[in-house]
Amino acid sequence: MIIAIDGPAGAGKSTIAKKVADSLGYVYIDTGAMYRAFTYELLTSSISLSDIEEITKVLEKTNIEFKNSEIFLNNLNVTNEIRSKNVTANVSAVSAIPQVREKLVNLQRKIASESNSILDGRDIGTVVFPNAELKIFLTASVKIRALRRYNELIAKDKNIDINEIEAEIEKRDKLDSSRETSPLIKAADAIEIDTSNLSIDEVVNTILKLAEEICENESL
């Protein structure tokens, strides 16, 4: 069984997907982390994001995998490094490159084909797994998403500006929704959940109930 969770940055996709996966005993595939890992690879290699030929060469030699819920890039644990401001500022541009999406989508499908899985991202229910048994589209207001990101970062950096974060989220929304390749859109058969005024556990329980209903119907 495949559960697809899509939505914009800061809607709570990763946190919620992890909790649902733990409750169901499913494999959690953090697709956003995969794009971040490759973005990190390009940035640390000082490769121009407009040099598609060079990016394609690097892509062919890049290995991305998950081990115990942590992400490894060419056998190096980059779980913390991929959350830097620089990676965040550039990941949408890298994600829009067709060659990058093709390679990572194929990898996502390969990993998910081996067991019951839950994936979160921007195009899981529309492109990666259009036939997923359960599709969820999480959303929240820009202000709420910015506040969540602010609270997440303030402990690490006291100079964080919430207005700057809000502007960054709006920019990412625009880039993700307007890109030509696999734009962020809600699948026609996805169930939308606005997380603005809901706790994480409330959202998790809602998804668990939906998954349970599907399992019960399939067993009839």
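Reckoned from all heavy atoms, side chains included, excluding hydrogens, waters and symmetry mates.
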What's the spacing between [X] [atom1] and [Y] [atom2] if we round to 0.5 Å?
{"X": "Thr44", "Y": "Leu76", "atom1": "OG1", "atom2": "CG", "answer": "9.5 Å"}
{"X": "Leu138", "Y": "Ile207", "atom1": "CG", "atom2": "CD1", "answer": "5.5 Å"}
{"X": "Ile97", "Y": "Ile55", "atom1": "CD1", "atom2": "CD1", "answer": "3.5 Å"}
{"X": "Ile71", "Y": "Ile29", "atom1": "CD1", "atom2": "CD1", "answer": "11.0 Å"}
{"X": "Arg172", "Y": "Glu168", "atom1": "CZ", "atom2": "CD", "answer": "7.5 Å"}
{"X": "Phe72", "Y": "Thr79", "atom1": "CZ", "atom2": "OG1", "answer": "6.5 Å"}

Any side-chain heavy-atom pair from [X] and [Y] closer than 4.5 angstrom?
{"X": "Leu198", "Y": "Asp194", "result": "no"}
{"X": "Ile3", "Y": "Leu24", "result": "yes"}
{"X": "Glu216", "Y": "Glu212", "result": "yes"}
{"X": "Leu134", "Y": "Met1", "result": "yes"}
{"X": "Thr88", "Y": "Arg36", "result": "yes"}
{"X": "Val203", "Y": "Thr206", "result": "no"}
{"X": "Leu73", "Y": "Glu81", "result": "no"}

More than 12 foreign heavy atoms under 6.0 Å from [atom1] of [X]: is that the case here?
{"X": "Lys209", "atom1": "NZ", "result": "no"}
{"X": "Glu102", "atom1": "CD", "result": "no"}
{"X": "Glu114", "atom1": "CD", "result": "yes"}

Less than 3.5 Å apart, any donor N or O on the side chain of [X] or [Y] sitting next to an acceptor on the other?
{"X": "Tyr28", "Y": "Asp120", "answer": "yes"}
{"X": "Arg122", "Y": "Ser177", "answer": "no"}
{"X": "Asp201", "Y": "Ser199", "answer": "no"}
{"X": "Asn86", "Y": "Ser84", "answer": "no"}
{"X": "Thr15", "Y": "Arg148", "answer": "no"}

At their closest point, which heavy atom of [X] faces which heavy atom of [Y], and how far apart are they?
{"X": "Thr181", "Y": "Pro98", "result": "OG1-CG, 3.4 Å"}
{"X": "Arg145", "Y": "Pro8", "result": "NH1-CB, 3.2 Å"}
{"X": "Glu65", "Y": "Asn75", "result": "OE2-OD1, 3.5 Å"}
{"X": "Ile124", "Y": "Ala4", "result": "CG2-CB, 3.4 Å"}
{"X": "Thr126", "Y": "Ile185", "result": "CG2-O, 3.7 Å"}
{"X": "Ile111", "Y": "Ser117", "result": "O-OG, 4.4 Å"}

Could you tell me whether the side chain of [X] and the main chain of [Y] form a donor-acceptor pair under 3.5 Å?
{"X": "Ser196", "Y": "Ser141", "result": "yes"}
{"X": "Lys103", "Y": "Thr62", "result": "yes"}
{"X": "Asn68", "Y": "Glu70", "result": "no"}
{"X": "Asp176", "Y": "Leu184", "result": "no"}
{"X": "Thr195", "Y": "Ala11", "result": "yes"}

Name the residue from Leu42, Ile47, Leu43 that meets the side chain to side chain contact (heavy atoms under 4.5 Å, CB included) definition with Ser45.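 Only match with Ser45 under side chain to side chain contact (heavy atoms under 4.5 Å, CB included): Ile47.
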
Determine, stepwise, if the pair Phe66 / Met34 fulfils side-chain contact (heavy atoms from CB on, under 4.5 Å). CA-CA 9 Å; Phe66 292 98; Met34 296 170 75; 3.7 Å; yes

Please tell me whether [X] and [Y] are part of a single hydrophobic cluster in this structure, the criterion being side-chain heavy atoms less than 4.5 Å apart.
{"X": "Phe137", "Y": "Ile191", "answer": "no"}
{"X": "Tyr40", "Y": "Leu104", "answer": "yes"}
{"X": "Ile5", "Y": "Ile144", "answer": "no"}
{"X": "Phe129", "Y": "Leu107", "answer": "yes"}
{"X": "Ile82", "Y": "Leu153", "answer": "no"}

Do Asp123 and Arg101 pass the side-chain contact (heavy atoms from CB on, under 4.5 Å) test, and can you show the C-alpha distance, the side-chain angles, and the key distance before you say yes or no? CA-CA 10 Å; Asp123 63 347; Arg101 297 205 73 82; 2.8 Å; yes

Report the C-alpha separation of Ile160 and Arg149 in whole Å, then their side-chain angles, then the decisive distance to 0.1 Å, and conclude whether the side-chain contact (heavy atoms from CB on, under 4.5 Å) test is met. CA-CA 10 Å; Ile160 293 295; Arg149 183 67 175 156; over 6 Å; no

Thr139 vs Lys186, test: side-chain contact (heavy atoms from CB on, under 4.5 Å). Steps then yes/no. CA-CA 10 Å; Thr139 186; Lys186 175 189 170 187; over 6 Å; no

Salt-bridge test for Glu152 and Arg83: reply yes if a basic N is under 4.0 Å from a carboxylate O, no otherwise.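 No, Glu152 and Arg83 are not salt-bridged.
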
